[in-house]
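Because only heavy atoms are used, hydrogens play no part in the values below, and waters and symmetry mates are left out as well, while side chains stay in. Being a predicted model, the structure only gives us computed values, none of them experimental. All residue numbers refer to positions in the sequence shown, counting from 1.
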Amino acid sequence: MGSHRRLAPSGSDRGAGAAVSILSVAAAALAAVPAGAAPYDDTRAEMDRLYEQAEKATEAYNKADERADELRDEVGTARDRIARQQQRINSMRESLGSLAGAQYRSGGIDPSLALLFSDDPDDYLDKASRLDRITAHQAGELKELQQAMRELAQDREETAGKLRELEKSRKAVAAHKKTVERKLATARRLLNSLPDSERDAYGRASRSGRYGIPGLGSATAASGRGAAAVAAARSALGKPYIWGANGPSGFDCSGLTQWSYAQAGVALPRTSQAQRYAGRQVPLSEARPGDLVLYRGDASHVGMYMGNGQVIHAPYPGAPVRYDPVGMMPVSSVTRV
């Protein structure tokens with residue numbers, strides 16, 4: 001359905017909330033239409049707007065989920081570093097304990113040295129720094145370890161906090177996604193209540209390019225990896241649009257391009273906004289098969305150019321991966337990977 005993305009985009013931070021209010025307006029408008037009137041245009045406009053809002057919510061979900069994965073890795077790395085540092089602390093304690101025992105037996109150290117073996121590293125090292133019998137070299141090592149422990153503990157706390165925040169954000173976006181899905185289902189029920197002729201007309205428009213392969217001309221990809229990605233994208237034709245999916249059984253828009261290039265050995269970022277900068281930008285007039293075509297000013301939708309003014313993309317819920325004209329909505333940039 002080429003026209004469904006021509007509406008001016010609203011802010012992504014309004015996402016699902018805007019979609020809820022839009023469908024409420026749509027439902028009210030349909031209820032108010034007199035007998036014999038044709039609400040087709042209004043219904044289609046509301047559906048188009050909802051698809052755009054839903055896509056923004058999906059990309060936000062993908063971004064939050066990707067960042068959460070990165071933070072999990074960072075937390076794991078920080079914990080490994082802390083474990084290694086703790087081993088060094090334990091070894092230093094053992095070494096210092098042997099020295100302290102010898103000094104104590106010779107009467108040369110205060111019994112308060114036992115406080116060195118506190119479970120609290122800060123207490124341990126602070127008290128150790130006050131002991132006269134600790135060599136300057138040992139004191140320096142202890143201070144270095146103390147600082148490292150403090151920094152690592154701080155890093156771990158900050159990273160864990162970020163992870164909690166991102167997990168909370170991811171869950172919120174997922175909840176918004178479910179809300180939009182429910183509202184889309186409501187809109188589809190409203191569409192099904194229209195007269196057969198209007199419903200069939202809408203169905204034909206939304207299936208543009210779904211059947212058959214359009215003439216793609218003789219243009220070739222700019223590279224071998226581009227050609228491999230094109231072949232992968234073609235193999236996905238007819239697969240369903242699925243929220244947050246990146247193959248192989250279903251895709252969202254950026255999931256399709258990411259998966260297609262993965263088959264060519266190229267790791268693309270997860271979101272369409274990040275994919276925009278995954279290569280060199282070229283003019284639309286110079287697009288070649290395999291190039292990524294980004295749509296709207298915020299790059300919230302992406303397809304893959306296939307030649308002769310056609311792209312392959314995962315359009316929206318209910319529509320399979322398909323060909324559509326490259327100008328189905330405003331193009332913001334073209335990226336050659």
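A salt bridge links Lys56 with Asp298: the closest approach of a Lys/Arg side-chain nitrogen to an acidic carboxylate oxygen falls below 4.0 angstrom. Ion pair Asp291/Arg288 not flagged as a salt bridge, since none of the NZ, NE, NH1 or NH2 atoms sits closer than 4.0 Å to an Asp/Glu carboxylate oxygen. With respect to Asp65 and Lys171, no salt bridge is recorded, no charged nitrogen being found less than 4.0 Å from a carboxylate O. Using a cut-off of 4.0 Å between Lys/Arg side-chain N and Asp/Glu carboxylate O, Arg72 and Glu167 are scored as salt-bridged. At a threshold of 4.0 Å, the pair Arg67-Glu74 counts as salt-bridged, since one of the basic side-chain nitrogens sits closer than that to a carboxylate oxygen.
Proximity of Ser249 to Lys239: side-chain heavy atoms (C-beta onward) are nowhere separated by under 4.5 Å. At a threshold of 4.5 Å between non-hydrogen side-chain atoms, the residues Val266 and Val337 count as touching. Here the side chains of Tyr323 and Arg234 are in contact, with some heavy-atom distance below 4.5 Å. Inter-residue side-chain proximity for His313 and Val293 is flagged as unmet; no heavy-atom pair is nearer than 4.5 Å.
Counting heavy-atom neighbours within 6.0 Å of Lys63 NZ, excluding the residue itself, gives a total of 12 or less. Residue Glu70 places its CD atom among more than 12 non-hydrogen atoms of other residues, nucleotides or ligands, all under 6.0 Å distant. Counting non-hydrogen atoms of neighbouring residues, nucleotides and ligands closer than 6.0 angstrom, the CZ atom of Arg225 reaches no more than 12 such neighbours. More than 12 non-hydrogen atoms from other residues, nucleotides or ligands lie less than 6.0 angstrom from CD of Gln281.
Leu163 and Tyr61 fall into different hydrophobic clusters, where Ile, Leu, Val, Met, Phe, Trp and Tyr residues are linked whenever their side-chain heavy atoms come under 4.5 Å apart, directly or through other members.
Among the candidates Val321, Leu256, Thr58, the single residue satisfying the side-chain contact (heavy atoms from CB on, under 4.5 Å) test with Tyr241 is Thr58.
Rounding to the nearest 0.5 Å places CG of Asn62 at 3.5 Å from CZ of Arg270. Between Asn246 atom CG and Leu268 atom CG the span is 11.0 Å, to the nearest 0.5 Å. Between atom CD of residue Gln310 and atom CD1 of residue Ile312 there is a gap of 9.5 Å, rounded to the nearest 0.5 Å. Note that OG of Ser272 and CD of Gln258 are 11.5 Å apart. Values are rounded to the nearest 0.5 Å. For the atom pair CG (Leu284) and OH (Tyr305), the distance works out to 7.0 Å, reported to the nearest 0.5 Å. Atom OG of Ser300 sits about 6.5 Å away from atom CD of Gln273, to the nearest 0.5 Å.
When only modelled atom types and interatomic distance are considered, Thr271 and Glu66 share no side-chain donor-acceptor pair under 3.5 Å. Using modelled atom types and a 3.5 Å distance limit, the side chains of Arg276 and Ser333 yield a donor-acceptor pair. Thr335 and Gln275 share no donor-acceptor pair across their side chains, judged by distance under 3.5 Å alone.
Its side chain outside the 4.5 Å cluster rule for every partner, Tyr277 clusters with none of the Ile, Leu, Val, Met, Phe, Trp and Tyr residues.
In this pair, His301 and Tyr295 present their aromatic rings tilted. The plane angle is within the 30 to 60° band.
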Test log, rule side chain to side chain contact (heavy atoms under 4.5 Å, CB included), inputs Met306 and Val230: CA-CA 7 Å; Met306 304 301 285; Val230 165; 3.3 Å; yes
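Applying the ring-ring contact (aromatic ring centres under 6.0 Å, His included) rule to Phe251 yields the partners Trp259; only residues at least two apart in sequence or on another chain are considered. Residues meeting the side-chain contact (heavy atoms from CB on, under 4.5 Å) test with Arg280, sequence neighbours left out: Val282, Arg336.
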